[in-house]
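These notes concern the structure reproduced below.
Naming convention: chains lettered A, B, ... in sequence-line order (proteins, then strands); numbering from 1 in each chain.
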Amino acid sequence: MKNQNELVKRYLYDVVRRLPETQRKDIEEELETLIEDMLEERADNGKSEEENVQEVLRELGEPSELSAKYRGDKQYLLGGEYYPLYCQILKIVLICVAAGMLIVTAVDSFVQVGTETMSVDGVINVMQDSMINIGAIPSALIQAFGMVTLIFWFMEQNQVKVKEKVSWSVDKLPEIPEKKALLSRGDSIVGIIFNVLVGIMLIYIPELMGAWVKTDSGAMVAIPLFNMEMWNLVLPLFVLSVVGGLADELVKLIKGRYCLSVMWTTIVTSIFSVFVAVKVLPNPLVWNRKFVEEIEMVTGKNLSEVLAQTGLPWLAFENLNQLLMAVIIFACVLEVGITVYRTLRYGINGAKK
Amino acid sequence: MSEMNEILLSLTQELRRGTIVLSVLSQLNEPQYGYTLVKNMEDKGVSVDTNTLYPLLRRLEKQEILISEWDTDGSKPRKYYKRTEFGDAVYLKLLQQWREMTDSMEKLLNN
């Protein structure tokens, strides 16, 4: 008998410990009477007391489930309201984390191979390092997954509104967009990854942006294109420009089609990029003045002769700023042009079909 | 076949779930003890899991549809539930809904 009582007590404890303190005593007493009555009912059924206790407790079911019923709380982590957005964000975040770490690892090992003398030991060292870096990717992914989930769980618990719920009406149904007004998701995601990678490069490995040349001993050396002493002044502008590009791609991903908000984000971010390019690139202080000198020192060759031989004399260092500026301006103008044209032509409600 | 049984089981459960509150309310014009309520309903062919009914009674009490009272006269303390005045009104409205629904369903199914 004592053992059986013990079992019931343990069951009751397991149910009420998950309940608010104020309700515990009441629910425990109620359930205790219930169990006693259920046992009494079974008293003469020929089974042992122990069998009956087990049967009754099994009928009442798992303690955690019973207390959940008493609490009446949600039996899920994320409701349908947030789930689609959660999946979308999760996908982007995981892809960015994995791709970012892979690229950084690749670049990192490349640089190490460049600096280490090319002995077998050196290569093995570098490979081991990359394996360790790659090995860190799963835990980084889990971390990212956890963070995203945590944020959404918080939103679910507090019913944070993602977008204002406007009362639905028939004439607010979206127009079926013209095929040419649709923006490909894949493009936006590639764009996002690209921007993230450029951002990582600008922030973490700016000294690798430049010429990669072989020394006499066969090792690779990176000669930075930009003046690293001035980099801290320039970096914020570049990063802002990248963040702008990222925002643009995000808006495109969310909207999925050309429309006014996509058009205006593209215009504003492009103008900013052009502004940064025009403001920063012509300044000679930004560039590594010893660029040509250093390359020639390492390779022992005359750079302008080499360029002339390869038929690329215009690729001289003095022209680089204009070249880069031209590329950026051209890309921005093209992007804005296409966006404005497609938006006005296909993207606005009521535009001609 | 077992797949059909599974589907059928979940559909039946869903159908029954909607009727639990109404069946419980119908029995509580007089104070009743929870487990007696389970047994009475079972006798009348309506089975409710005890572990569903007990939390439900508390929830209805919180919504002020039911009121409870401990009866300490017997050998052990038992908690009795019955409808409040508000509960009576809710019950009548719900009953009316049920009648209308079953009428139309009858018509629909006899078609």
Side-chain angles (χ1 to χ4, degrees), chain A residues 1 4-5 7-45 49 51-76 80, chain B residues 9-10 13-14 16-21 23-25 27-28 31-44 46-84 87 90:
Chain A
M1 186 64 198
Q4 275 50 281
N5 266 335
L7 219 51
V8 172
K9 283 214 174 88
R10 274 163 59 194
Y11 183 86
L12 290 172
Y13 166 74
D14 205 20
V15 173
V16 298
R17 76 191 170 93
R18 297 160 215 258
L19 295 172
E21 197 118 16
T22 49
Q23 299 173 19
R24 278 184 198 168
K25 195 168 162 270
D26 205 52
I27 291 178
E28 184 170 356
E29 282 175 13
E30 197 177 9
L31 285 177
E32 196 176 0
T33 318
L34 172 69
I35 292 172
E36 278 173 25
D37 283 336
M38 289 170 89
L39 283 174
E40 238 164 62
E41 190 192 42
R42 287 167 169 77
D44 317 316
N45 64 358
E49 173 111 25
E51 278 175 322
N52 280 331
V53 169
Q54 295 211 358
E55 201 181 291
V56 164
L57 296 185
R58 265 200 301 273
E59 190 181 322
L60 286 176
E62 226 178 284
S64 60
E65 277 174 30
L66 187 55
S67 37
K69 281 182 184 169
Y70 270 113
R71 284 197 311 268
D73 55 13
K74 294 175 187 160
Q75 309 262 349
Y76 52 84
Chain B
L9 188 72
S10 87
Q13 268 176 355
E14 220 167 294
R16 195 173 293 156
R17 198 176 304 147
T19 66
I20 293 181
V21 172
S23 24
V24 168
L25 288 186
Q27 303 300 302
L28 292 179
Q32 274 207 58
Y33 165 59
Y35 194 53
T36 320
L37 181 60
V38 175
K39 290 288 143 193
N40 283 346
M41 286 173 64
E42 213 168 76
D43 288 343
K44 290 172 185 162
V46 180
S47 64
V48 184
D49 287 333
T50 315
N51 60 11
T52 304
L53 184 81
Y54 268 66
L56 175 68
L57 289 172
R58 278 190 89 85
R59 197 158 66 246
L60 292 173
E61 185 184 12
K62 207 172 156 198
Q63 291 175 318
E64 296 179 0
I65 293 173
L66 298 180
I67 190 166
S68 72
E69 210 179 334
W70 281 101
D71 177 20
T72 45
D73 291 347
S75 54
K76 47 200 161 200
R78 292 203 168 101
K79 203 174 186 184
Y80 281 71
Y81 290 88
K82 70 164 192 169
R83 290 201 303 260
T84 59
V90 171

TODO: Please test Asp26(A) against Lys79(B) for side chain to side chain contact (heavy atoms under 4.5 Å, CB included), starting from the C-alpha separation and ending with a verdict.
DONE: CA-CA 10 Å; Asp26(A) 205 52; Lys79(B) 203 174 186 184; 2.5 Å; yes
TODO: Go through the steps for Arg78(B) and Glu36(A) under the test salt bridge (Lys or Arg N to Asp or Glu O under 4.0 Å), then give the verdict.
DONE: CA-CA 11 Å; Arg78(B) 292 203 168 101; Glu36(A) 278 173 25; over 6 Å; no
- [ ] Go through the steps to decide whether Lys76(B) and Glu32(A) satisfy the test salt bridge (Lys or Arg N to Asp or Glu O under 4.0 Å), and finish with yes or no.
- [x] CA-CA 10 Å; Lys76(B) 47 200 161 200; Glu32(A) 196 176 0; over 6 Å; no
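Both the backbone and the side chain of Thr52(B) come within less than 4.5 Å of a heavy atom in chain A.
In the displayed structure, Arg16(B) atom CZ is contacted under 6.0 Å by at most 12 heavy atoms of other residues, nucleotides or ligands.
Among all heavy-atom pairs drawn from Asn51(B) and Leu60(A), the shortest one is ND2-O, 2.8 Å.
By a heavy-atom distance cut of under 4.5 Å, Arg58(B), Arg59(B), Trp70(B) are the residues of residues 58-70 of chain B near chain A, going up by number.
A donor-acceptor pair under 3.5 Å is formed between the side chain of Thr33(A) and the backbone N or O of Pro77(B).
Taken from OH in Tyr54(B) to CD in Glu30(A), the straight-line distance is 5.5 Å, to the nearest 0.5 Å. Taken from CD1 in Ile35(A) to OH in Tyr35(B), the straight-line distance is 11.0 Å, to the nearest 0.5 Å.
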